[in-house]
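Notes to accompany the following structure.
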Amino acid sequence: MAPADLPEARIHASCDTPCMTARIIDGAAIAAEVRAEVAVKVAAHTAAGRPQPHLTVVLVGDDPASATYVRAKGAACTEAGISSETIAVPTGITQTDLLAVVARLNADPKVSGILVQSPILGGIDEAAIMSAIDPRKDVDGLTPASLGRLVQGEPLLVPCTPAGVQQMLLRSGYDPAGARVVVVGRSMLVGRPLGILLGLKAPGGNATVTLAHTATRDLASVTREAEILIVAAGRPKTITADMVRPGAVVIDVGTNRVDAPERKSGWRLAGDVDFGPVSEVAAAISPVPGGVGPMTIAMLLANTARAAAST
Ligand code: NAP
């Protein structure tokens, strides 16, 4: 996306600065499109006599939030024609026993993808468990081997949230090639692999990427440079309207619970971007909920189908 491709900001009589009402990047709709494509590929795969793709999720302990995520992943698998199972192990499992579970799944030809649900409770060395997953079955794309391949520009399975953000941009017509992209957040789960992915010399990449974080000096001056601004900070309103370049494309990865006394639950989900005011400056913006979240699950299915196809 060259700077010249950016939509013109409109000048409203009531506004001091150029402003616009952003187009909504509908992650739920794009995710449905991806899931439907995966279902078609899986149907062709099985019609060709290959074994049904199969995802095994290992759930350690009884964290209710993790159990909810795992159920949602299982339902999405079923819809795409992917079989799935959850191996629930107690919090007290030893590191050795959990490594043995992973080794058994690595060796099982029926299993196309392995996902060990994070966080792993109970004092287990999470990095050691993740590292033990066969990279060909690493559908989360977060093992050192998978991340190493990504850095080398030869990714096997790309981490789901970064891959989801990339697909949202491409399928909305915002190819990052040539664009100045700022990613706020440098976690190994989102910001860092996303920055690498969008900077690769490859289709869907070729962006000029800046990674910002808590030590970034004058964050607003950095984010205002962004033609594409992606925010994965984990803090509501990290990005306010004055920090956004008029006409920018804004992707909000953040998923935060904020107080909502008017709701029965007492809370609602909010992203990291001050959505209303930023919508008046940006050309396009992804909402929370209904943005990156559904894409993450869709890319998990895509990775599972891909893993099955390559084994
Ligand atoms: P994380 O591990 O806590 O990392 C947050 C990153 O943001 C860190 O690099 C931190 O900088 C940076 N940061 C925090 N506050 C900042 C600020 N005020 N200014 C600049 N940088 C700031 O979080 P994460 O796992 O990457 O997740 C980020 C958010 O995305 C969370 O809300 C999470 O729930 C959400 N998420 C959503 C999905 C999805 O599917 N929708 C998937 C994954 C994550 P330092 O490195 O300097 O500490």
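Order of listing sets the numbers, starting from 1, for every ligand and every atom in it. The chain is numbered in sequence order, starting from 1. Only heavy atoms go into these numbers, but all of them, side chains included; no hydrogens, no water, no symmetry mates.
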### Message
Within the 3.5 Å criterion, strictly below it, is a donor on Thr296 or Thr161 matched to an acceptor on the partner's side chain?
### Response
yes
#### Entry: Short N-O contact, Glu225 and Arg180, less than 4.0 angstrom
yes
### Task
Kindly write out the residues that satisfy side chain to side chain contact (heavy atoms under 4.5 Å, CB included) with Arg23, not counting sequence neighbours, or none if the list is empty.
Ser172, Tyr174, Ala284
### Neighbour count >12 (heavy atoms, 6.0 Å) for atom CZ, Arg171
yes
### Residues forming a salt bridge (charged side-chain N to carboxylate O under 4.0 Å, His left out) with Arg192, sequence neighbours excluded
none
### Summary
Within the 4.0 Å heavy-atom cut-off around ligand 1, the contacting residues, ordered by chain and number, are Thr161, Val184, Gly185, Arg186, Ser187, Leu189, Val190, His213, Thr214, Leu219, Ala232, Ala233, Gly234, Arg235, Thr238, Val253, Gly254, Thr255, Asn256, Val292, Gly293, Thr296
### Summary
Applying side-chain hydrogen bond (donor to acceptor under 3.5 Å, both in side chains) to Ser221 and not counting sequence neighbours gives Asp218
